[in-house]
4 protein chains.
Amino acid sequence: MAGAETQRAERGPGRPRQERVTDDTLDAVIELVTEKGVKAVTMDAVAARAGVSKPAIYRRWPSKQALIIAAAESRIGPLTVPDLGDIRAELREVLTARLTAYRLPGTARLLTELMTAAAEAGGPQVAYGDYTERIMSETRRILQRGIARGEVRPEVDIRSAATLVAAPLVYRLLAERELPNARFVDDLVDMVVRAVGP
Amino acid sequence: MAGAETQRAERGPGRPRQERVTDDTLDAVIELVTEKGVKAVTMDAVAARAGVSKPAIYRRWPSKQALIIAAAESRIGPLTVPDLGDIRAELREVLTARLTAYRLPGTARLLTELMTAAAEAGGPQVAYGDYTERIMSETRRILQRGIARGEVRPEVDIRSAATLVAAPLVYRLLAERELPNARFVDDLVDMVVRAVGP
Amino acid sequence: MAGAETQRAERGPGRPRQERVTDDTLDAVIELVTEKGVKAVTMDAVAARAGVSKPAIYRRWPSKQALIIAAAESRIGPLTVPDLGDIRAELREVLTARLTAYRLPGTARLLTELMTAAAEAGGPQVAYGDYTERIMSETRRILQRGIARGEVRPEVDIRSAATLVAAPLVYRLLAERELPNARFVDDLVDMVVRAVGP
Amino acid sequence: MAGAETQRAERGPGRPRQERVTDDTLDAVIELVTEKGVKAVTMDAVAARAGVSKPAIYRRWPSKQALIIAAAESRIGPLTVPDLGDIRAELREVLTARLTAYRLPGTARLLTELMTAAAEAGGPQVAYGDYTERIMSETRRILQRGIARGEVRPEVDIRSAATLVAAPLVYRLLAERELPNARFVDDLVDMVVRAVGP
DNA sequence: TAATAACCGAGACGGTACGTCAAGTCTTCGG
DNA sequence: CCGAAGACTTGACGTACCGTCTCGGTTATTA
């Protein structure tokens with residue numbers, strides 16, 4: 001699976017795409033968002049800053065939104081948590097990882113953009129869905145392990161519980177418009193453990 | 001809201017504003033959102049559908065965002081919960097009220113728009129803040145009463161707990177892209193009560 | 001006829017178009033053509049120089065070509081010749097009028113543009129057709145008067161003769177790429193008079 | 001033309017150029033012009049239809065205009081008129097030859113393109129100049145012979161007269177937008193003979 | 001009753017960005 | 001070296017939407 005990506009194996013005919021273009025474009029988006037906000041992310045501005053032409057961008061992403069989503073995704077990265085033997089530790093791990101990501105400048109704007117994109121009918125919902133799904137599935141895995149260990153009541157609805165874990169952080173960031181902090185994560189972990197525990 | 005209209009009506013040298021314009025405009029926004037999505041909510045489209053001129057709209061709301069927010073607010077309405085003597089019942093009450101609102105068609109789009117508006121720096125965050133704040137303060141009030149009754153541990157951080165209550169519903173709607181249902185509310189109430197209970 | 005134009009009578013509702021915009025745009029086109037050639041006539045450049053927005057231009061003319069044609073037309077002006085009692089004098093009059101117009105800088109480019117536009121299938125051929133038609137009908141009128149006076153053989157095909165009169169000037173300008181002069185006009189008048197005379 | 005190909009074929013270190021590419025490209029241009037008009041003559045379209053790559057085209061012609069001119073030239077062919085002993089017959093000969101060429105579909109468009117190319121300052125005017133010059137010099141030769149034979153007044157300006165002969169056909173085609181016919185040629189010949197005759 | 005002030009619909013305006021298209025160049029592979 | 005394929009830059013195109021302004025005209029309150 002990594003092989004296919006790394007090898008980029010069967011190259012077709014014609015001049016191959018330059019990675020530089022892809023990378024620089026994504027970088028330019030992030031820079032612009034963090035420096036001047038989403039409103040400043042103009043395709044022309046991105047192209048200019050990246051030293052890339054607009055057609056080259058549109059060859060890669062079909063629209064401005066798709067580009068912004070791709071940029072966001074490229075910065076958020078994976079978040080898998082190993083079995084730490086303790087649900088409390090594992091929950092703190094996921095939430096802290098996300099906390100760190102959210103505290104990067106511009107993240108709130110990027111997340112909002114992702115969410116807006118997701119809400120558009122017919123838009124590339126997949127993208128934000130992917131991101132959410134990654135978080136949710138990891139959280140569910142942790143809760144599942146908790147059931148196995150007897151830390152979580154077996155009758156708890158895993159999906160509901162996972163939502164309870166995942167929602168507050170982004171809600172505080174976007175709705176309450178406040179950067180979440182470690183104290184908040186502690187509170188959450190504590191409450192969630194009580195909520196699902198025996 | 002009605003106040004502003006009434007106050008204005010008290011005196012004024014010129015021709016008074018027609019309520020029809022205000023109402024039809026708000027309706028048009030809601031209709032457009034539910035029928036064709038946020039992207040279709042163009043000021044021209046709104047004006048055309050409402051049978052109203054653009055200046056008439058801008059005389060009432062300073063920007064498109066303000067208009068959309070006003071439209072959303074006009075549909076969501078207030079949500080105050082009386083003392084029911086039982087934190088479980090009161091939580092179910094707030095959440096069910098919101099559940100009902102969210103299940104109206106187009107609400108997801110409207111909420112997203114609200115959130116986007118909130119995320120814009122310098123924008124009228126106040127508005128969405130208002131909505132969020134209304135939910136949060138009501139929830140905090142419930143939790144506070146719970147402490148008084150001994151249903152909630154006094155060392156619980158009320159703000160964190162309120163976020164825990166308020167976040168999952170909107171997260172499921174916007175991020176998980178799924179209409180929340182009564183079963184989900186039940187799960188939430190149950191988990192929250194355990195989370196904050198003694 | 002002039003009345004309708006002057007009165008601009010039944011004005012529709014809404015803000016009326018500003019003549020300044022129309023005029024300045026046309027001027028800008030002419031200036032750009034004469035200064036830097038047709039290639040420099042970019043819609044953005046025109047808009048910038050005229051101090052006008054692109055949409056305002058497109059509201060008036062449906063395409064760049066239509067704009068250029070309109071600009072050309074606006075400079076070429078009418079060319080009606082009164083009855084001078086003598087076909088030779090009248091022919092010299094039309095041809096000299098056109099000679100004067102063609103000797104304005106940029107006219108060759110403008111005429112070529114007009115002709116190109118005319119050659120485009122489905123394009124606004126009307127415009128160039130109009131211009132050509134104006135010349136041709138005036139020329140035909142002169143020849144007709146010549147027949148009445150007995151200066152032109154009655155069996156002469158008026159259309160063919162009119163083409164014989166109208167073609168050489170523009171041919172010399174565009175195909176031979178040479179600015180026609182008074183000597184050339186004299187030669188033409190002389191030859192044409194012999195060609196159609198008794 | 002063939003000469004260039006042959007010369008090139010004489011030697012060369014690498015793979016020789018394929019005539020197929022040259023021919024198919026020219027054909028593709030003509031086809032596109034006649035079928036869809038000048039606007040459809042895109043380098044990509046030409047390449048696609050000819051089954052040829054863009055670099056292969058640019059290896060042969062330095063620009064799109066040069067290509068179109070080459071295509072036009074390849075179809076129009078030479079036009080030399082032998083001494084027929086009679087100016088009337090010779091004039092009819094040149095004009096009929098051109099009439100035949102102009103009646104091929106797409107010629108009007110091609111000629112316009114040539115003319116446009118000629119009008120561009122600094123462009124390869126030579127090309128259209130060549131074509132015009134070929135016509136003009138042949139016409140001048142005819143008139144010169146006419147002077148020798150006493151059919152043409154010696155004081156006639158040969159250049160002016162040649163323009164008088166050459167212009168009407170193309171004017172009728174491009175400006176009047178009408179396919180010239182044999183009757184028109186007859187009229188022209190007749191009038192020209194009178195114009196220059198004693 | 002007349003003046004005045006604010007309203008109203010219609011639609012043009014400046015501005016900004018969008019997404020697209022074509023020309024001509026460059027890069028990779030294979031013959 | 002030629003050729004196909006196709007990515008690249010450049011630069012312009014025509015369109016969409018925002019928020020403002022300008023009309024002609026209407027409807028109230030004030031003088």
Side-chain angles (χ1 to χ4, degrees), chain A residues 11-18 20-21 39-47 51-65, chain B residues 8-9 11-18 20-21 39 41-48 50-65, chain C residues 11-18 20-21 39-47 51-64, chain D residues 12-18 20-21 39-48 50-65 67:
Chain A
R11 168 124 55 68
R15 177 176 176 176
R17 289 190 183 168
Q18 294 177 21
R20 181 197 75 84
V21 173
K39 294 270 299 246
V41 183
T42 296
M43 291 311 259
D44 292 86
V46 171
V52 148
S53 69
K54 273 206 290 177
I57 298 179
Y58 278 101
R59 214 170 284 125
R60 290 169 170 74
W61 302 277
S63 70
K64 187 185 162 184
Q65 249 181 15
Chain B
R8 236 182 194 293
R11 93 188 62 272
R15 172 177 175 178
R17 290 189 182 165
Q18 296 176 20
R20 182 197 74 84
V21 173
K39 292 266 302 235
V41 183
T42 297
M43 290 311 258
D44 292 87
V46 171
V52 148
S53 69
K54 277 205 289 175
I57 298 180
Y58 278 100
R59 223 169 275 130
R60 288 166 172 75
W61 301 277
S63 70
K64 185 186 163 184
Q65 263 179 6
Chain C
R11 168 123 56 67
R15 176 175 175 176
R17 290 190 180 168
Q18 296 177 20
R20 182 197 73 85
V21 174
K39 294 271 300 247
V41 183
T42 295
M43 290 311 258
D44 292 87
V46 171
V52 148
S53 70
K54 271 205 291 176
I57 298 179
Y58 279 101
R59 220 169 280 127
R60 287 168 171 74
W61 301 277
S63 69
K64 187 185 161 183
Chain D
R15 174 175 172 177
R17 288 191 183 166
Q18 296 176 20
R20 182 197 75 83
V21 173
K39 292 267 301 239
V41 184
T42 296
M43 290 311 258
D44 291 87
V46 171
V52 148
S53 70
K54 276 206 288 175
I57 298 179
Y58 278 100
R59 222 168 276 128
R60 288 167 173 75
W61 301 276
S63 71
K64 185 186 164 183
Q65 260 179 8
L67 169 61

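The chains referred to below are lettered A, B, ... by the order of the sequence lines, with proteins before strands, and numbering in each begins at 1.
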Open item on the list: In the structure I gave you, are the side-chain heavy atoms of C:Val46 and C:Lys64 within less than 4.5 Å of one another anywhere?
Closed with: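 C:Val46 does not reach C:Lys64 side chain to side chain.
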
What pair of heavy atoms forms the shortest contact from [X] to [Y], and how long is it?
X	Y	answer
A:Arg20	A:Gly51	NH2-O, 3.3 Å
A:Arg60	A:Gln18	NH2-O, 3.2 Å
B:Val21	B:Ala56	CG1-CB, 4.0 Å
A:Ala40	A:Ala45	O-CB, 3.8 Å

TODO: Return the value, rounded to whole Å, for the distance between atom CH2 of C:Trp61 and atom C1' of F:dG14.
DONE: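 Rounded to the whole Å, the gap is 16 Å.
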
TODO: Specify the separation, in whole Å, of atom CD1 of B:Ile57 and atom C1' of E:dG11.
DONE: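 Distance check: B:Ile57 CD1 to E:dG11 C1' gives 14 Å.
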
TODO: Could I get the full list of side-chain contact (heavy atoms from CB on, under 4.5 Å) partners for B:Pro55, not counting sequence neighbours?
DONE: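 B:Pro55: side-chain contact (heavy atoms from CB on, under 4.5 Å) contacts with B:Ser53, B:Arg59.
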
Open item on the list: Check the phosphate of E:dG9 against B:Arg15, side-chain N and O only, distance under 4.0 Å to OP1 or OP2. Yes or no?
Closed with: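 No.
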
TODO: Please state whether the phosphate of E:dC7, meaning OP1 or OP2, lies under 4.0 angstrom from any side-chain nitrogen or oxygen of B:Arg20.
DONE: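 Looking at the OP1 and OP2 atoms of E:dC7, neither is under 4.0 Å from any side-chain N or O of B:Arg20.
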
Open item on the list: Within the 4.0 Å limit for protein heavy atoms, which parts of nucleotides 15-20 of chain E are touched? Write it as a string from 5' to 3', B for base, S for sugar-phosphate only, - for none.
Closed with: B-SSBB

TODO: Would you kindly compare D:Val21 and A:Val21 by the position of their nearest DNA chain F nucleotide and give the one closer to the 5′ end?
DONE: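 Checking each residue's closest nucleotide, the 5'-ward one belongs to D:Val21.
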
